[in-house]
Amino acid sequence: MEESHGQSRLLGSEGTEQMEVYSDIKRADYTKEAGVYDQKRFLHEAGRFYADLSNQIIFDLLDA
């Protein structure tokens with residue numbers, strides 16, 4: 001992870017390493033949850049309905 005001089009001065013090398021570990025953990029959590037979210041959004045009837053509805057609204061606005 002690239003850091004600015006100001007970040008390294010404020011956090012120190014230990015703080016920077018801790019932030020990188022935290023970031024990796026959060027990225028893994030997000031990746032896992034994104035799959036669950038997509039499955040609920042696109043496989044469930046209500047999710048498909050709202051996705052189709054919002055897409056139709058966008059297409060209608062673009063045509064206007």
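Computed over heavy atoms, backbone and side chain alike; hydrogens, waters and symmetry mates excluded. Heads up: numbering here begins at 1 and tracks the sequence.
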### Query
Quick one: side chain to side chain donor-acceptor pair (under 3.5 Å) pairs with a partner in residues 46-64, sequence neighbours left out?
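Non-adjacent pairs meeting side chain to side chain donor-acceptor pair (under 3.5 Å): Q56-D60.
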### Message
Under 4.5 Å side-chain heavy-atom separation, chaining through any Ile, Leu, Val, Met, Phe, Trp or Tyr, what else clusters with V36? Say none if it is isolated.
### Response
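Its cluster partners, ordered by chain and number, are none at all.
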### Query
Does a side-chain heavy-atom distance below 4.5 Å link Y22 with K26?
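The answer is yes; the side chains approach within 4.5 Å.
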### Task
Calculate, to the nearest 0.5 Å, the distance between atoms CD and OH belonging to E33 and Y37 respectively.
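Between E33 CD and Y37 OH, I get 12.5 Å after rounding to 0.5 Å.
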### Query
To the nearest 0.5 Å, how far apart are CD1 in I57 and CG in L62?
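With rounding to 0.5 Å, CD1 (I57) is 12.0 Å from CG (L62).
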### Query
Residues two or more places apart in sequence or in another chain: which of them pass side chain to side chain donor-acceptor pair (under 3.5 Å) with D24?
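For D24, the residues satisfying side chain to side chain donor-acceptor pair (under 3.5 Å) (neighbours in sequence not counted) are R27.
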